[in-house]
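These notes concern the structure reproduced below.
Below, chain A is the first sequence line, B the second, and so on; all start at residue 1.
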There are 2 protein chains.
Amino acid sequence: MDSATYLAAAEQHCSQQGCKLTAVRRQVLELVLRHQGVVKAYQILADLQKERGLAAPPTVYRALDFLVEQGLLHRVDALNGFIVCRHFECRHEGLILVCETCGQVGEVDAGSCLAALRAASAGMGFTVNPQNLVITGQCKECTA
Amino acid sequence: MDSATYLAAAEQHCSQQGCKLTAVRRQVLELVLRHQGVVKAYQILADLQKERGLAAPPTVYRALDFLVEQGLLHRVDALNGFIVCRHFECRHEGLILVCETCGQVGEVDAGSCLAALRAASAGMGFTVNPQNLVITGQCKECTA
DNA sequence: TTTGTGATGTTATACAGTAACATTTGCGAC
DNA sequence: GTCGCAAATGTTACTGTATAACATCACAAA
Ligand SMILES: [Zn+2]
Ligand SMILES: [Zn+2]
Ligand SMILES: [Zn+2]
Ligand SMILES: [Zn+2]
């Protein structure tokens, strides 16, 4: 799926949720799409400043927060970064693998494992965040 | 296990690894132990300053890094915080549950789930960090 | 038009983490 | 003991990450 298609789908997804992919939000999403793997907020801020001259941290953080809420991005806590979600429509219960060294992103289906985890946690009165789980490690290249 | 016992065990654990639980490191560990659940670096810094007057961020971060390396603490990326590990001797493969709201910590045994996760990831040429997985969510009280 | 609501702009600041270098401490070699 | 090394700690200054608070704007319902 190329960026244009993705953005169109994203726009539709948002309006179905009763909210809007405004200009700024769309532009931030585009900027994230242009990068491979993990991107940081201040990188996006810099990109945004190149394109529109003015921009402050809150502008970027608001847009990123919105996109995460809509499921279009995932936040990668371990790296203070963000990655594009390419399955925002299908409620995927996959685990997202992020290489701590190069930022490369992979995905592995682990629905059953996750279900077991949720069940075990629920047994302790603990509700696991509905967020998609992001796991860090090393990719093949960076392990070598 | 009370703090004194824990600290003694921690000290022994370190020397078995060929390193030392020095005064500063021990003091930082004590300060983390005094809190319930997740503690932040700058909280520890403040505590430390109360006790010894002087202290700068690197002092705290060095000690925390050391303690994480030794397996005495876990870092909670989602909260920029740290929690005490009470199983540093037994190589536990549990999942650690942290309440995002109140910082309360629980633990659930999910060794088999984790093994499956590692296997699936390895299939994609991805090595999951040996770190203990820390999952965030909501505890019973905070869900209500 | 008025008024309300959500989005954005703007400024300033809080919080988190590290680089670089100086100083101290403990320990084995001599 | 004292010399010399290595690890740990102290100190200063900075970079990076994130948010509070308030002003303004855009658009739609009343
Ligand atoms: Zn996703
Ligand atoms: Zn990599
Ligand atoms: Zn542990
Ligand atoms: Zn809670």
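- Side-chain N/O atoms of A:Tyr42 include none lying less than 4.0 angstrom from OP1 or OP2 on D:dG16.
- The shortest distance between the side-chain N/O atoms of B:Arg62 and the OP1/OP2 oxygens of D:dT9 is not below 4.0 Å.
- The nearest heavy atom of DNA chain C to A:Pro57 and to B:Ala41 marks one nucleotide each, and the one closer to the 5' end goes with A:Pro57.
- Comparing A:Pro58 and A:Lys40 by the nucleotide of DNA chain D whose heavy atom lies nearest to each, the residue mapping closer to the 5' end is A:Lys40.
- Taking atom CZ of residue B:Phe66 and atom P of nucleotide D:dA7, one finds them 13 Å apart after rounding to whole Å.
- Counting heavy atoms of neighbouring residues, nucleotides and ligands inside a 6.0 Å radius, atom CD of B:Gln36 does not exceed 12 of them.
- Counting to the nearest Å, the C1' atom of D:dA7 and the CD atom of B:Gln17 are 18 Å from each other.
- Interatomic distance, CG of B:Leu79 versus CG of A:Asp77, reported as 8.0 Å (0.5 Å rounding).
- The CD atom of B:Gln27 sits 15 Å away from the C1' atom of D:dA8 (whole-angstrom rounding).
- Put simply, B:Thr22 has a side-chain N or O that comes within less than 4.0 Å of OP1 or OP2 on D:dT9.
- Of all nucleotides in DNA chain C having an atom under 4.0 Å from a heavy atom of chain B, the first and last in 5' to 3' order are C:dA16 to C:dC27.
- For the 3.5 Å distance criterion, the side chains of A:Glu30 and A:Ser3 fail to qualify, holding no donor opposite an acceptor.
- Atoms CG (B:Leu79) and P (D:dT17) sit 18 Å apart, rounded to a whole Å.
- Between A:Phe126 and B:Val98, the shortest heavy-atom distance links the atoms CZ-O, 3.3 Å.
- A:Asn80 places its CG atom 5 Å from the P atom of D:dA18, with the value rounded to the nearest Å.
- Atoms OH (A:Tyr61) and P (D:dG16) sit 12 Å apart, rounded to a whole Å.
- Residue B:Arg52 has a polar side-chain atom (N or O) positioned under 4.0 Å from OP1 or OP2 of D:dG10.
- Protein atom NZ of B:Lys20 is 10 Å distant from nucleotide atom C1' of D:dA7, rounded to whole Å.
- Cluster membership for B:Leu31 and B:Met1, using ILVMFWY side-chain heavy atoms within less than 4.5 angstrom, is shared.
- Counted by atom type alone, A:Gln27 and A:Glu51 present one or more donor-acceptor pairs between their side chains at under 3.5 Å.
- Atom CG of B:Leu64 is separated from atom CG of B:Leu72 by 11.5 Å, given to the nearest 0.5 angstrom.
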